[in-house]
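When a ligand or atom number is given, it counts from 1 through the structure's own listing order.
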Amino acid sequence: MSLSDYQEIRDMVSKFADSEVAPLAHDIDHNQQIPASLISKLAENGFLGSYIPEEFGGAGMDYTSYSLIVEEISRACASTGVLVSAHTSLCVWPVLAFGTEEQKKKYLPKLASGELIGCFCLSEPNAGSDAGSLTTFAEDKGDHYEITGMKNWITNGREAGLAIVFAKTTKTPNYKGISAFIVETASEGFNVIKIEDKLGIKGSSTAQIALDKIKVPKENLLGGYEKGFRVAMATLDGGRIGIASQALGIAEAAFRYARQYVTERVQFGAPLANLQGIQFILADMSTKIAASRLLIYEASRLKDLDENYTKASAQAKLFAAEAAMWIATKAVQLCGGNGYTKEYPVERYFRDAKITEIYEGTSEVQRIVIAAQELKEVK
Ligand code: CAA
């Protein structure tokens with residue numbers, strides 16, 4: 001795809017984000033819910049199946065286009081941005097990358113149309129960063145598996161119709177023995193027991209899910225028996241680009257708002273923007289945004305070329321998340337007392353930015369991944 005193709009996609013999503021998403025963002029945050037009508041519009045515009053091939057009902061775009069979509073939607077509303085990101089990176093992608101032909105035919109068209117929203121059930125109360133220590137168990141019952149366990153912090157848990165569930169098929173203390181399964185959430189025993197009340201991205205549902213002897217057909221094993229940790233790690237490599245794009249969208253929104261504000265806010269007889277101290281902050285915000293964007297494009301480009309992008313995606317997420325948090329904090333500061341109130345959107349950007357340093361691997365986990373990749377280069 002050419003640069004002008006990407007520009008066209010950005011313009012199209014940007015218009016959608018400004019007209020259909022941004023006007024709802026305050027209420028989505030306040031009501032802690034994304035309206036079903038907005039999710040339908042995301043699907044109608046192809047944003048839920050952006051890189052699903054056309055033969056499976058998707059828009060047939062590439063990963064770079066998907067990153068642009070998440071960025072632009074997150075600029076308008078970070079909760080809606082992560083609904084798209086978790087659905088696409090964490091559910092669509094593993095089915096596309098590891099699914100059998102039958103699994104793809106059965107599930108991808110429904111994921112593209114929004115009939116099924118996806119989620120990713122890896123984390124557990126005692127298995128967060130140490131994902132390999134999960135204890136959910138899938139017992140072989142002959143013609144099916146029976147899955148029992150507890151899953152935590154599941155984005156889209158309330159809306160999801162399809163879940164990628166990780167469970168041990170052999171009881172081991174580490175990642176060995178983990179298998180991945182495609183699970184329909186309508187299955188008996190799939191119980192959402194809690195929706196978290198969070199600091200930010202309040203419209204995005206974060207669920208605790210109890211899995212109580214769910215029957216999963218053998219053909220829903222994903223990516224091979226006891227190959228689940230590989231499925232999880234490879235999926236998160238791509239997911240991290242999505243979260244970096246979400247962080248970039250939040251950072252861009254916070255920057256644009258603060259930039260406008262300082263040109264209008266008059267103190268000591270002149271707009272704040274006349275002060276060099278304020279200009280230096282704007283310059284640093286702008287530079288961090290530019291650097292985040294380049295890291296995200298590079299990681300997306302490597303993914304589209306099918307080259308190794310483990311380090312690039314971790315770097316993009318680490319940098320973009322920390323940049324977003326810094327920029328959102330400065331945006332509140334530049335807007336002063338006004339910025340601290342709910343009448344101004346910067347306090348929402350500030351609350352929303354924080355999660356990007358936590359989910360799909362904390363900033364500390366990204367550093368572990370980057371350092372491990374660098375040390376592999378030592379001969
Ligand atoms: N791609 C494919 N395979 C990979 C891989 C990758 N990027 N990284 C590691 N692996 C494989 C390794 O090759 C190894 O397999 P073999 O033994 O067969 O060679 C295996 O995985 C174990 O690798 P490590 O020894 O590096 O694994 P570890 O146990 O030390 O863990 C870790 C490393 C980076 C800390 C990892 O556990 C991790 O990423 N933790 C964070 C988990 C995370 O991001 N959780 C978020 C969940 S999703 C979420 O946030 C909620 C949501 O809904 C959005």
Lys/Arg-Asp/Glu bridge criterion (N-O < 4.0 Å) met for [X], [Y]:
X	Y	answer
Arg351	Asp29	yes
Lys342	Glu347	yes
Lys376	Glu374	no
Arg240	Glu360	no

Report the part of [X] in contact with ligand 1, treating N, CA, C, O as backbone and CB onward as side chain, heavy atoms under 4.0 Å; options are side chain, backbone, both, neither.
X	answer
Val365	side chain
Phe229	side chain
Leu90	side chain

For [atom], find the nearest protein heavy atom and state the residue, atom name and distance (0.1 Å precision).
atom	result
atom 19 (O) of ligand 1	Tyr175 OH, 4.7 Å
atom 49 (C) of ligand 1	Glu360 N, 3.7 Å
atom 39 (O) of ligand 1	Arg240 NH2, 3.2 Å
atom 4 (C) of ligand 1	Met233 CB, 3.6 Å
atom 52 (C) of ligand 1	Thr155 OG1, 3.3 Å
atom 34 (C) of ligand 1	Val369 CG2, 3.7 Å
atom 7 (N) of ligand 1	Asp237 OD2, 2.8 Å
atom 2 (C) of ligand 1	Arg230 CG, 3.8 Å

### Message
Would Gly361 count as a polar contact of ligand 1, with the cut-off being nitrogen or oxygen pairs under 3.5 Å?
### Response
yes
## Note on the structure
ring pair (Phe, Tyr, Trp, His ring centres under 6.0 Å) with Phe120: of Phe181, Phe166, Tyr359, only one passes, and it is Phe166
### Task
Determine the sole option in Tyr51, Tyr297, Trp93 for which the ring pair (Phe, Tyr, Trp, His ring centres under 6.0 Å) test with Tyr63 is passed.
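Exactly one option meets the ring pair (Phe, Tyr, Trp, His ring centres under 6.0 Å) with Tyr63, and it is Tyr51.
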### Query
Is it true that atom CD of Gln333 has more than 12 heavy atoms of other residues, nucleotides or ligands lying nearer than 6.0 Å?
no
### Query
Quick one: which of Val84, Ile250, Ile296 gives a side-chain contact (heavy atoms from CB on, under 4.5 Å) with Ser245?
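The residue from Val84, Ile250, Ile296 that satisfies side-chain contact (heavy atoms from CB on, under 4.5 Å) with Ser245 turns out to be Ile296.
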May I ask whether [X] places a heavy atom under 4.0 Å from ligand 1?
X	value
Ser123	yes
Asp130	no
Ser129	yes

### Task
Could you tell me which atoms of ligand 1, counted from 1 in the order shown, lie closer than 4.0 angstrom to a heavy atom of Tyr359?
50 (O)
### Query
In terms of atom number and element, which parts of ligand 1 are under 4.0 angstrom from non-hydrogen atoms of Trp153?
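Selected atoms, number and element: 51 (C), 52 (C), 53 (O).
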### Task
Test salt bridge (Lys or Arg N to Asp or Glu O under 4.0 Å) on Glu102 and Lys104 and set out the steps.
CA-CA 5 Å; Glu102 289 67 35; Lys104 290 185 205 178; over 6 Å; no
### Message
Under 4.0 Å and counting heavy atoms only, is there anything from the protein next to atom 24 (P) of ligand 1?
### Response
no
### Query
Looking at atom 12 (C) of ligand 1, is any protein heavy atom nearer than 4.0 Å to it?
no
### No-hydrogen, no-angle side-chain donor-acceptor test under 3.5 Å, Glu364 and Ser129
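The criterion, which ignores hydrogens and geometry beyond distance, is not satisfied for Ser129 and Glu364.
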